[in-house]
Amino acid sequence: MALHSMNPGDSTNADRLKGIRILYVEDEADVGALFSILLDMMGCKTRWVCSADAALQESIQDYDLLLSDVQMPGSMDGVSLAENIARQRPELPILLISGYIPSSERLQHLQAYVLSKPIGIAALRDAILQCI
């Protein structure tokens, strides 16, 4: 199984986040704005889009990490987006964040990390560090 559970701990490598280019996909405006600010404060270069469809319009070669919510309206959810992106760039780290995690059968073929909401700043930072 390719699914990695996140158990974030303290990290001394926070400088590794500086300049990391993240494509962040979140449909909820308040959550998206907050996470974008947090990611920027960590030194990441974040591009926030509101749907999987919008994410697929991006040049995926321009990013070091896909960070996506799982449940989203539109033609696909975060898992379907991750599957699509993984076909384009199998080496790209993928971090899925959600209060609802789909069945492991749906995720087992993905090389993806999964982090359950709610999460704090340190957990988010450490999860990203574990992915990259």
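Computed from a prediction, not measured in an experiment: that's the story for all the values here.
- The main-chain N or O of Ile132 is found under 3.5 Å from a side-chain atom of Arg16 such that the two form a donor-acceptor pair.
- Only one option out of Leu92, Leu95, Leu96 pairs with Leu66 in a side-chain contact (heavy atoms from CB on, under 4.5 Å); it is Leu92.
- By the 4.5 Å heavy-atom criterion applied to side chains, Ile20 and Met42 are not counted as neighbours.
- At a cut-off of 3.5 Å, with distance as the only test, no side-chain donor of Gln130 or Tyr113 sits close to an acceptor on the other residue.
- Here the shortest heavy-atom pairing between Ala127 and Leu115 reads CB-CD2, 3.7 Å.
- Put simply, CD1 on Ile22 and OG1 on Thr46 are 5.0 Å apart, with the number rounded to the nearest 0.5 Å.
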Side-chain donor-acceptor distances from residues 23-36 under 3.5 Å, at least two apart:
residue, atom, partner, partner atom, Å
Glu26, OE2, Glu28, N, 2.9
Ser36, OG, Gly32, O, 2.8

* **Chi angles and distances behind the side chain to side chain contact (heavy atoms under 4.5 Å, CB included) call for Asp53, Leu81** => CA-CA 8 Å; Asp53 295 317; Leu81 172 63; over 6 Å; no
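- A pairwise comparison of heavy atoms in Asp77 and Met72 identifies C-CE, 3.9 Å as the closest pair.
- To the nearest 0.5 Å, atom CG of residue Leu65 and atom SG of residue Cys131 are 5.5 Å apart.
- Between the OG atom of Ser75 and the CG atom of Asn84 there is a distance of 9.5 Å, given to the nearest 0.5 Å.
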* **side chain to side chain contact (heavy atoms under 4.5 Å, CB included) between Val114 and Val70, intermediate numbers included** => CA-CA 10 Å; Val114 178; Val70 171; over 6 Å; no
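- With contacts defined as side-chain heavy-atom distances shorter than 4.5 Å, the pair Lys45/Asp64 does not qualify.
- Two different hydrophobic clusters hold Met41 and Ile119 under the rule that ILVMFWY side chains link at heavy-atom gaps under 4.5 Å.
- Between Asp69 and Ile97 the shortest heavy-atom distance is OD1-O, 2.9 Å.
- Cluster membership for Ile128 and Ile37, using ILVMFWY side-chain heavy atoms within less than 4.5 angstrom, is not shared.
- Checked by atom type and distance alone, the side chain of Arg89 pairs as donor or acceptor with a backbone atom of Ile60 at under 3.5 Å.
- Ala82 approaches Ile94 most closely through the heavy-atom pair O-CD1, 3.6 Å.
- By the side chain to side chain donor-acceptor pair (under 3.5 Å) test, Gln57 is found to be paired with no residue, residues two or more places apart in sequence or in another chain being considered.
- When side chains are defined from C-beta on, Arg47 does not count as touching Asp62, because their heavy atoms never get closer than 4.5 Å.
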